[in-house]
Amino acid sequence: MKHLVIFGAPGSGKGTQSKKLEEKYGIRVVSTGDLLRAEVAAGSEIGKTCADIIAQGKFPDNAIIFKLIELFLDKNSDAKGILYDGFPRTVEQAEYLLTLLTQRREMIQTVINIGVDEDVLIKRISGRFACAECGEIYNKYFKTPSTEGVCDVCGAENFKVRSDDNEETVKTRMMMYEEATAPVLDFFRDRDLNIILVDGMQPVDVVFHQIENIL
Ligand code: AP5
Ligand code: MG
């Protein structure tokens, strides 16, 4: 089984590109952010514990994240490839993932690192909204539905905005990325993993072609 990591700051386009890779190549995406938001929406114990933490842009305990990852891997043991989005997010999480994969005699083949300038990240996050039914991601500055108020993919007319997509929380998320997440790249480098930098300032399809060319 292939294991790929898609890496980048909040708003760099990880979710957008993951969805395209999943659709075209049939690999399965595990987004810890999506899994946590699903727990919050379902009102589960995990969701209740995490809702405020996520809304503030901070990280829930690793025990919760590891449980979600293990459940996902167990359920997807037949997958030909897994793409990790938003995980690992700390060096501790990266150590955990490598240990877990080593136990399963597997490894990370490629880390796709999406680079985007900070001022653009803020605009992307503040403009983001998604279809409430199918989750398709839009942006009021960069990608609006072709018919206003109607999802291009499923035709639904309800949209949602994430609890952490506001100016105050964005600052915390960027700080958490710089302090806790960016060091994961050095950790991967020290272990000689294949890290590929992609220019995430380009339009979505151009970014996608860059990724396709390296896989
Ligand atoms: P998570 O859901 O992982 O969020 P994130 O890392 O902050 O990243 P985003 O989802 O905001 O951005 P993205 O890179 O996916 O960009 P997108 O494609 O949507 O985590 C959220 C929270 O959950 C964390 O803060 C934490 O609390 C918790 N959490 C999650 N994982 C955790 C973990 N492992 N450990 C602990 N806590 C965890 O694109 C953004 C916008 O830009 C969209 O509107 C899109 O349409 C637009 N866009 C995308 N690409 C382009 C482009 N090329 N050109 C123009 N616009 C574009
Ligand atoms: Mg995302």
Side-chain angles (χ1 to χ4, degrees), residues 5-22 29-40 46-47 49-70 72 83-94 96-97 112-117 119-131 135-145 151-153 159-166 168-182 184 198-211:
V5 173
I6 192 156
F7 198 89
S12 55
K14 302 182 296 293
T16 302
Q17 297 298 328
S18 297
K19 204 152 191 227
K20 290 173 78 70
L21 288 164
E22 187 168 45
V29 176
V30 54
S31 156
T32 41
D34 284 350
L35 292 177
L36 288 167
R37 283 186 287 278
E39 296 286 339
V40 173
I46 290 184
T49 311
C50 297
D52 286 347
I53 301 172
I54 297 170
Q56 289 166 23
K58 296 181 182 154
F59 298 168
D61 281 351
N62 276 342
I64 291 175
I65 306 297
F66 296 164
K67 188 171 168 193
L68 294 174
I69 288 287
E70 280 170 37
F72 181 91
L83 176 66
Y84 300 85
D85 164 4
F87 174 87
R89 220 178 183 90
T90 61
V91 170
E92 205 181 345
Q93 291 185 9
Y96 160 86
L97 179 61
I112 305 159
N113 179 24
I114 310 183
V116 176
D117 295 349
D119 53 333
V120 175
L121 293 173
I122 308 278
K123 205 166 174 193
R124 285 196 189 168
I125 290 176
S126 59
R128 173 170 49 195
F129 61 99
C131 173
E136 181 70 6
I137 306 169
Y138 295 97
N139 193 289
K140 68 178 176 195
Y141 304 111
F142 302 112
K143 186 194 166 195
T144 51
C151 176
D152 292 342
V153 176
F159 294 87
K160 57 186 179 183
V161 174
R162 275 169 44 172
S163 68
D164 56 350
D165 278 353
N166 58 72
E168 195 51 38
T169 305
V170 164
K171 284 186 205 147
T172 310
R173 287 165 61 195
M174 292 299 174
M175 187 195 75
M176 294 295 280
Y177 175 77
E178 287 307 327
E179 289 183 3
T181 307
V184 171
V198 165
D199 178 6
M201 299 287 284
Q202 303 299 318
V204 170
D205 287 341
V206 178
V207 178
F208 188 60
H209 284 308
Q210 291 179 62
I211 296 176

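Worth saying up front: this structure is predicted, and the values here are computed from it rather than measured. In each ligand, atom 1 is the first atom listed, and ligand 1 is the first ligand listed. What's counted below: heavy atoms across the whole structure, side chains too, no hydrogens, waters or symmetry copies.
- The single protein non-hydrogen atom nearest to atom 31 (N) of ligand 1 is Thr32 OG1, 2.7 Å, given as residue, atom name and distance.
- Shown in contact with Pro10 at under 4.0 Å from a heavy atom are these atoms of ligand 1, numbered in order with element: 5 (P), 7 (O), 8 (O), 12 (O).
- For ligand 1, the atoms sitting less than 4.0 Å from at least one non-hydrogen atom of Gly86 are 3 (O), 31 (N), 32 (C), 33 (C), 34 (N), numbered in the order shown with element in parentheses.
- Side chains of Arg124 and Asn139 form a contact here, defined as non-hydrogen atoms less than 4.5 Å apart.
- In this structure a side-chain-to-backbone donor-acceptor pair under 3.5 Å is present from Thr32 to Gly86.
- The ligand atoms of ligand 1 that sit less than 4.0 angstrom from a heavy atom of Asn139 are 41 (C), 42 (O), 43 (C), 44 (O), 46 (O), 47 (C).
- Taking the side chain as every heavy atom from C-beta outward, Val5 and Pro88 approach each other to under 4.5 Å.
- Comparing Arg37, Lys20, Lys58 against atom 27 (O) of ligand 1, the shortest heavy-atom distance belongs to Lys58.
- Below 4.0 Å from some heavy atom of Phe87 lie the following atoms of ligand 1, by number and element: 34 (N).
- Judged by distance alone, the side chain of Arg173 and the main-chain N or O of Pro10 form no donor-acceptor pair under 3.5 Å.
- When Phe129, Phe208, Phe142 are checked for heavy-atom proximity to atom 55 (C) of ligand 1, Phe142 turns out nearest.
- The closest side-chain heavy-atom distance from Thr181 to Met176 is not below 4.5 Å.
- Backbone and side-chain nitrogen or oxygen atoms of Gln17 are examined, and none is located within less than 3.5 angstrom of a nitrogen or oxygen of ligand 1.
- Residue contacts with ligand 1 leave out Ile125, since none of its heavy atoms falls under 4.0 Å from the ligand.
- In this structure, CD in Gln56 is found 10.0 Å from OG in Ser163, a value given to the nearest 0.5 Å.
- Remark: distances from the non-hydrogen atoms of Arg162 to ligand 1 include one below 4.0 Å.
- The closest protein non-hydrogen atom to atom 43 (C) of ligand 1 is Ile137 CG2, 3.5 Å.
- Shown in contact with Gln93 at under 4.0 Å from a heavy atom are these atoms of ligand 1, numbered in order with element: 33 (C), 34 (N), 35 (N), 36 (C).
- Although no hydrogens or angles enter the test, the distance criterion places no donor-acceptor pair under 3.5 Å between the side chain of Asp85 and the main chain of Ile6.
- At least one donor-acceptor pair under 3.5 Å links the side chain of Gln210 to the backbone N or O of Asp199.
- With hydrogens and angles ignored, the 3.5 Å screen pairs a side-chain donor or acceptor of Gln17 with a backbone N or O of Val204.
- Of all heavy-atom pairs between Pro60 and Ile65, the closest is O-CG1, 4.4 Å.
- The shortest N or O to N or O distance between Ser12 and ligand 1 is below 3.5 Å.
- For atom 9 (P) of ligand 1, the nearest protein heavy atom (residue, atom name, distance) is Arg128 NH1, 3.3 Å.
- In the vicinity of Asp164, heavy-atom distances shorter than 4.0 Å reach the ligand 1 atoms 21 (C), 22 (C).
- Taking atom 49 (C) of ligand 1 as the reference point, the nearest protein heavy-atom neighbour is Thr16 OG1, 3.5 Å.
- Per-residue contacts place Gly15 under 4.0 angstrom from the following atoms of ligand 1 (heavy atoms of the residue considered): 13 (P), 15 (O), 18 (O).
- Proximity of Pro203 to ligand 1, defined as any heavy-atom pair under 4.0 Å, is confined to the backbone N, CA, C and O atoms.
- The backbone N or O of Thr169 lies less than 3.5 Å from a partner atom in the side chain of Asn166, making a donor-acceptor pair.
- Of the protein's heavy atoms, Lys14 N, 3.5 Å lies nearest to atom 13 (P) of ligand 1.
- Here the shortest heavy-atom distance to atom 24 (C) of ligand 1, taken over Met201, Gln202, Arg89, Arg173, belongs to Arg89.
- Formation of a donor-acceptor pair under 3.5 Å by the Ser12 side chain with backbone atoms of Val116 is not found in this model.
- Taking every heavy atom of Tyr138 and a limit of under 4.0 angstrom, the matching atoms of ligand 1 come to 43 (C), 44 (O), 46 (O).
- Contact between Pro60 and ligand 1 is present, with at least one heavy atom of the residue lying under 4.0 Å from the ligand.
- Polar contact check, Lys143 against ligand 1: no nitrogen or oxygen pair lies under 3.5 Å apart.
- Counting heavy atoms closer than 4.0 Å to ligand 1, residue Ile65 contributes side-chain atoms (C-beta onward) but none from N, CA, C or O.
- Between Phe129 and Tyr138, the ring planes are parallel. Angles under 30° get that label, and only those over 60° would be called perpendicular.
- Looking only at heavy atoms of the protein, atom 16 (O) of ligand 1 is closest to Gly13 N, 3.2 Å.
- Taking atom 29 (N) of ligand 1 as the reference point, the nearest protein heavy-atom neighbour is Leu36 CD1, 3.5 Å.
- Salt-bridge formation is detected for the pair Lys20/Asp205: a Lys NZ or Arg NE/NH1/NH2 atom is positioned less than 4.0 Å from an Asp or Glu carboxylate oxygen.
- Nearest protein heavy-atom contact of atom 48 (N) of ligand 1 is Arg124 CD, 3.8 Å.
- Within the structure, the closest approach of Gly11 to ligand 1 falls below 4.0 Å when heavy atoms are considered.
- Taking CG of Leu68 as the start and CG of Leu35 as the end, the distance is 5.5 Å to the nearest 0.5 Å.
- For ligand 1, the polar-atom distance check against Asp165 finds no nitrogen or oxygen pair separated by under 3.5 Å.
- For the atom pair CG of Leu97 and CD1 of Ile69, the computed distance is 7.0 Å after rounding to the nearest 0.5 Å.
- Listed for the Lys14 side chain is a donor-acceptor partner under 3.5 Å among the backbone atoms of Ala9.
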